[in-house]
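First listed ligand is number 1; within each ligand, the first listed atom is number 1.
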Amino acid sequence: MRVLVVGSGGREHALAWSLSRSGSLTELHAAPGNPGISALAHCHPVRADDQSALVSLARELRIDLVVVGPEAPLVAGLADELRHRGVAVFGPSAAAARIEGSKSFAKEVMEAAGVPTAKTLPVARPPCVVKIDGLAAGKGVWVCRTRAELDEALPAAEALGQPFHVEELLEGPELSVFALCAGEDAVAFPPARDYKRIGDGNAGPNTGGMGSFSPLPDVPDGAADGIVELVHLPVLRELARRGSPFQGLLYAGLMQTGDGLRVIEFNCRFGDPETQSLLPRLESDLIPLLAGDLSQAPRVADRAAVTVVLAGAGYPERSDQGTPIEGVADAEATGALVLHAGTALHGGRLVTNGGRILNVVGVGATVAEARTAAYEAASRIDFAGMQFRKDIASG
Ligand code: AMP
Ligand code: GLY
């Protein structure tokens, strides 16, 4: 199989790493990829949002399967375009990707499907959560416990110039459950957890994700099947009933509240950085799973993985470019996996190029061992302004 991965972050590096271990892979390509991915794949300078160039590239390279990492190209219809041109693709149609692209559409589908989620509130009054409707790369949600927070959130939401809604504020531990889906069939990955806030103890603003781990002490791997039955399958049936069957990965962001499980959001693609902690546990061949063979669920090893995100100076407010990065080879020499999320090469030198720069993944027999391995490897890496959370997977 000739496979093309679309995207350039840590999730795409993890996908490329896992695909490169597949017995059915003959050639691996990426667009645009990154310096880490280029060690595993031929990288092509085509951006993830350049639909027509991606279709041409896939046809030129006679790609058997395109694996789309990020949501924006899916919401914009990349999978439809590829399928129309006869190229097989892992990722949903634009119509099905609305489950992530529009929060109001997701709410409507959940309501019709009877899937438990936060109630929409008719009046904005604290405590509540303000959410803009469209894609906002993690920046369109304001959790308001106080009147002062709400008074800040409403003008900020209005300033984004998109419709927004107000919903009930839920409390409890969060978890992510990914299912590979083909129409009304789905098979689950084990649950994973990500850490959205910038600071230790979940302080500070939301980010794209500062770390992740799997398995979870409070939600065993085996619980994923029941969650898929409660959450994913009814949504898949509802999407199919509306004439937009979902092909690809349906990601449920969930909260374990005192009143049971509630859906916080759906995404139409692999989560970042949860994927970085799930794929190192995978024992199955990833290619048949992504090519739509759901006859077997993903088989995972009884080991743990912990991902620590190393972010650049100023993240999440701004990104950082051109700062030299030291120590990646030393970190890899410890046995950890170092995935590139926002890096570039300048004159042969590895430098920062984004908000989240590197993901360090430790694997071990237990979460504690994997955590120690990840932090040990992270301590070998250094760049000016580097920031990371010290409490990933520590309970
Ligand atoms: P989302 O982009 O919808 O995943 O929201 C980002 C983060 O905001 C979630 O991971 C939660 O931590 C928080 N959040 C979103 N909706 C709610 C809610 N209804 N209650 C409490 N926290 C929420
Ligand atoms: N881990 C959050 C996301 O991928 O949206």
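Taking every non-hydrogen atom of K131 and a distance limit under 4.0 Å, the qualifying atoms of ligand 1 come out as 3 (O), 15 (C), 16 (N). The atoms of ligand 1 that sit less than 4.0 Å from any heavy atom of E168 are 18 (C), 19 (N), 20 (N). Atoms of ligand 1 found under 4.0 Å from any heavy atom of L169, numbered from 1 in the order shown, are 20 (N). The contact set between ligand 2 and D194, taken as ligand atoms under 4.0 Å from a residue heavy atom, comprises 1 (N), 2 (C). Atom numbering of ligand 2 starts at 1 in the shown order; those under 4.0 Å from a heavy atom of G271 are 4 (O). Contact atoms of ligand 1 toward N206: 6 (C), 7 (C), 8 (O) (distance under 4.0 Å to a heavy atom of the residue). Near A118, meaning under 4.0 Å from any of its heavy atoms, are these atoms of ligand 1: 19 (N). Close approach of ligand 2 to N267 (heavy-atom distance below 4.0 Å) involves ligand atoms 5 (O).
No option in K119, K131, R262 other than K131 meets the salt bridge (charged side-chain N to carboxylate O under 4.0 Å, His left out) test with E167.
With a 4.0 Å cut-off on non-hydrogen atoms, K103 touches ligand 1 through its side chain and not its backbone.
Using cut-offs of 30° and 60° for the angle between ring planes, the F270 and F178 rings count as perpendicular.
Here the shortest heavy-atom distance to atom 12 (O) of ligand 1, taken over E174, R197, K196, belongs to E174.
Between the R303 side chain and the P280 main chain, a donor and an acceptor come within less than 3.5 Å of each other.
Taking the side chain as every heavy atom from C-beta outward, T117 and K107 approach each other to under 4.5 Å. Under the 4.5 Å side-chain criterion, counting only non-hydrogen atoms from C-beta, M386 is in contact with I381.
The existence of a salt bridge linking R349 and E326 is confirmed by a sub-4.0 Å separation between a basic side-chain nitrogen and an acidic carboxylate oxygen. Checked for salt-bridge contact, D302 and R281 miss the test: no charged N lies under 4.0 Å from a carboxylate O.
Every N/O-N/O distance between R11 and ligand 2 stays at or above 3.5 Å. At least one N or O atom of L170 sits closer than 3.5 Å to an N or O atom of ligand 1.
At a cut-off of 3.5 Å, with distance as the only test, a side-chain donor of T307 or S277 sits close to an acceptor on the other residue.
Of all heavy-atom pairs between A252 and V231, the closest is CB-CG1, 4.0 Å.
Y251 counts as a contact of ligand 2, since one of its heavy atoms falls under 4.0 Å from the ligand. The closest approach between R269 and ligand 2 falls below 4.0 Å for a heavy atom of the residue.
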